[in-house]
Amino acid sequence: MTADGAVAPTTRIPVGGPAPYQVLVGRDLLDELPALLDGATRVAVIHPPTLPDRALACRDALAARGFETICLEVPDGEDAKTVAVAQSCWAALGRAGFTRSDAIVGLGGGTTTDLAGWVAACWLRGVRVAQLPTTVVGMVDAAIGGKTGVNTERGKNLVGSFHQPVGVLCDLTALATLPETEYRGGLGEVVKHGFIADPGTLELIEADPAGAVRAGNPIERELIERSVRVKAAVVSADPTERGRREILNYGHTLGHAIERAEGYRWRHGAAVSVGMVYAAAVARRLGRLDDATADRHRALLSALGLPVSYRAGAFDELLADMRVDKKARGHRLRLVLLDGLARPVTVADPDPAVLAEAYSEVAS
Ligand code: GLY
């Protein structure tokens, strides 16, 4: 709503690169979907069991425009991101006779959109996918930029491909029913974008962190839009992560290792929260980051109720995992650090002693 009670118009944020598209932020955006899928006969809506009503609404909206639409329910959370689940989707597409001109819709959180994107990327070597993220992390991160894939027992997102969506519809009404822990976790990614590129986001949250964690809060839309703009700008400049895009992995190297150590029971944003506090500690010890900015990580993330520490004694196990992170090259560990607020850099092979000492700042 705008200040005078009118419905705010939909915001359209362009994403550049070889196949440009738009991220739409607004409310009740299903009317936008048919145009993205123009020319398709069949559409598969891939969704988790928690969103039956949204999936049916999506199916009905598409059926009303003449698309033969099927709904494919996949497991919730990281359980969706397996080759076996992707295979079950391809089997369904085969039974329904999906051709090159048909399309996929990914409706759900980041795990669903990652899976749906990869199902689309591989089917007939690539059909269109429209992403309808329903979580904060999906809207500001996962659904934008074309990273698709699944996990293996060795780690997250180790199998996948870049497959850009034809459009991303961020319907803010979906956030109203999001579990609070999921909402909080998503704010971890919003904070990440703030530290790497948009400090104004941090100031907005700092003004009322307790308010910021409630769905539908007055700054929700601004936070989502600002965060989408950061992601869109980075992936437009580097769609396939040849360089600059690595900055989006701020906090993720340790974060992914924690997620794996926890068997993916931790929220992604919660693990990234610890990872950012750790990255700030490393940067401080390397003389790259001032105390105030490093301390700001812990203060802000704690105020949002996100974790800022992890098991003491887990460092060796986590370090071994960090070395096989996708950002690693050979045995060289690469960490995204800050050279100051909103000045991210990638550092190869930071001093191992510094890495261990910095862990003491997050060890609980
Ligand atoms: N989530 C990080 C990226 O899209 O590159």
Side-chain angles (χ1 to χ4, degrees), residues 13-21 23 77-78 80-81 106 108-118 120-121 129 131 133 135-151 155-165 167-168 170 182 185-198 201 224 226-260 264 266-273 275-276 279 322 325-329 334-338 344-346:
I13 299 167
V15 183
Y21 57 95
V23 181
E78 298 290 338
K81 289 180 60 171
T111 53
T112 310
T113 58
D114 281 6
L115 171 79
W118 195 56
V129 62
Q131 299 289 24
T135 62
V136 176
V137 71
M139 291 182 188
V140 305
D141 188 20
I144 306 168
K147 275 191 181 175
T148 72
V150 296
N151 306 327
K156 273 190 80 168
N157 302 325
L158 292 180
V159 174
S161 62
F162 286 101
H163 186 61
Q164 302 298 337
V168 180
C170 302
E182 177 63 49
L187 290 178
E189 292 287 345
V190 173
V191 168
K192 178 197 80 179
H193 288 161
F195 275 114
I196 63 171
D198 181 14
T201 296
I224 301 273
R226 289 179 83 129
S227 211
V228 167
R229 285 185 202 284
V230 170
K231 172 99 193 212
V234 174
V235 300
S236 297
D238 181 13
T240 53
E241 201 165 90
R242 304 279 164 188
R244 180 77 181 156
R245 185 166 177 167
E246 276 193 339
I247 67 170
L248 295 174
N249 287 288
Y250 187 53
H252 280 55
T253 309
L254 183 72
H256 279 162
I258 291 175
E259 279 185 280
R260 204 173 104 69
Y264 302 112
W266 271 44
R267 299 269 167 205
H268 175 67
V272 168
S273 173
M276 284 191 281
M322 284 157 69
D325 187 82
K326 290 186 306 310
K327 303 299 157 296
R329 302 275 190 275
R334 290 158 66 83
L335 267 188
V336 180
L337 300 176
L338 293 183
V345 286
T346 303

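Both counts, for ligands and for their atoms, begin at 1 and track the order of listing. Heavy atoms only: backbone and side chains are in, while hydrogens, waters and symmetry mates are out. Residue numbers run from 1 in the order of the sequence given.
For the pair Met322 and Thr253, the tightest heavy-atom approach, listed with the atom from each and the gap, is CG-O, 3.5 Å. Scanning all heavy atoms of the two residues, the minimum distance from Pro165 to Gln131 falls at CB-CG, 3.9 Å. The shortest heavy-atom contact between Pro239 and Gly17 is CG-CA, 4.1 Å.
A heavy-atom separation below 4.0 Å is not found between His252 and ligand 1.
Taking only nitrogen or oxygen atoms, main chain and side chain alike, Lys147 reaches within less than 3.5 Å of ligand 1.
Distance from atom 4 (O) of ligand 1 to its nearest protein heavy atom, with residue and atom name: Lys231 NZ, 2.5 Å. For atom 1 (N) of ligand 1, the closest non-hydrogen atom of the protein is Asp141 OD1, 3.0 Å. In this structure, the protein non-hydrogen atom closest to atom 5 (O) of ligand 1 is Arg245 NE, 2.7 Å.
Short contacts between ligand 1 and Glu241, defined as distances under 4.0 Å to a heavy atom of the residue, involve ligand atoms 5 (O).
Tested against His268, the residues Glu182, Glu78, His252 include a single side-chain hydrogen bond (donor to acceptor under 3.5 Å, both in side chains) partner, His252.
Using a cutoff of 4.0 Å between basic side-chain nitrogens and carboxylate oxygens, Lys147 and Glu241 are scored as salt-bridged.
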